[in-house]
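Report on the structure given below.
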Amino acid sequence: MGRWYLLAAGSREVAGITAAGAVRAEAAGRTLTVPVPVAGPQGPAPAVTGRLASGVRITAVDGARGGRD
């Protein structure tokens, strides 16, 4: 059995990405890759936010909710 990861990426304007919830991680830059502590996509999805170079915070765009705050 393989390992599950949370993958997040932003545009060139993104200066940092943060994940909160079951997965907690932060990365400088426009990509975040972190192992998920459970096997598979179980439980609620983590909240992922980005920070632009200007300091503006943005939420993950997932089709159901999200976009620029």
Side-chain angles (χ1 to χ4, degrees):
M1 184 179 231
R3 184 153 194 181
W4 287 82
Y5 286 84
L6 168 67
L7 307 174
S11 71
R12 290 178 289 217
E13 295 181 33
V14 172
I17 299 176
T18 302
V23 176
R24 293 187 177 274
E26 188 171 355
R30 56 187 177 173
T31 60
L32 171 71
T33 305
V34 61
V36 176
V38 296
Q42 301 166 359
V48 178
T49 59
R51 181 181 46 79
L52 302 181
S54 67
V56 172
R57 295 249 177 225
I58 56 174
T59 58
V61 178
D62 63 6
R65 60 183 167 88
R68 189 178 188 126
D69 284 349

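Reckoned from all heavy atoms, side chains included, excluding hydrogens, waters and symmetry mates.
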From [atom1] ([X]) to [atom2] ([Y]), nearest 0.5 Å:
X     : Y     : atom1 : atom2 : value
Thr49 : Ile17 : OG1   : CD1   : 9.0 Å
Leu32 : Leu6  : CG    : CG    : 5.5 Å
Thr18 : Arg57 : OG1   : CZ    : 5.5 Å
Arg51 : Glu26 : CZ    : CD    : 7.5 Å

Could you check if a side-chain atom of Thr59 sits within less than 4.5 angstrom of a side-chain atom of Val48, using non-hydrogen atoms only?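 Contact flag for Thr59/Val48 side chains = no.
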Nearest heavy-atom pair of Arg3 and Pro35: which atoms, and what distance? NH2-CB, 3.2 Å
Distance-minimising heavy-atom pair for Tyr5 and Thr33: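 Distance-wise, the nearest heavy atoms are CD2-CG2, 4.0 Å.
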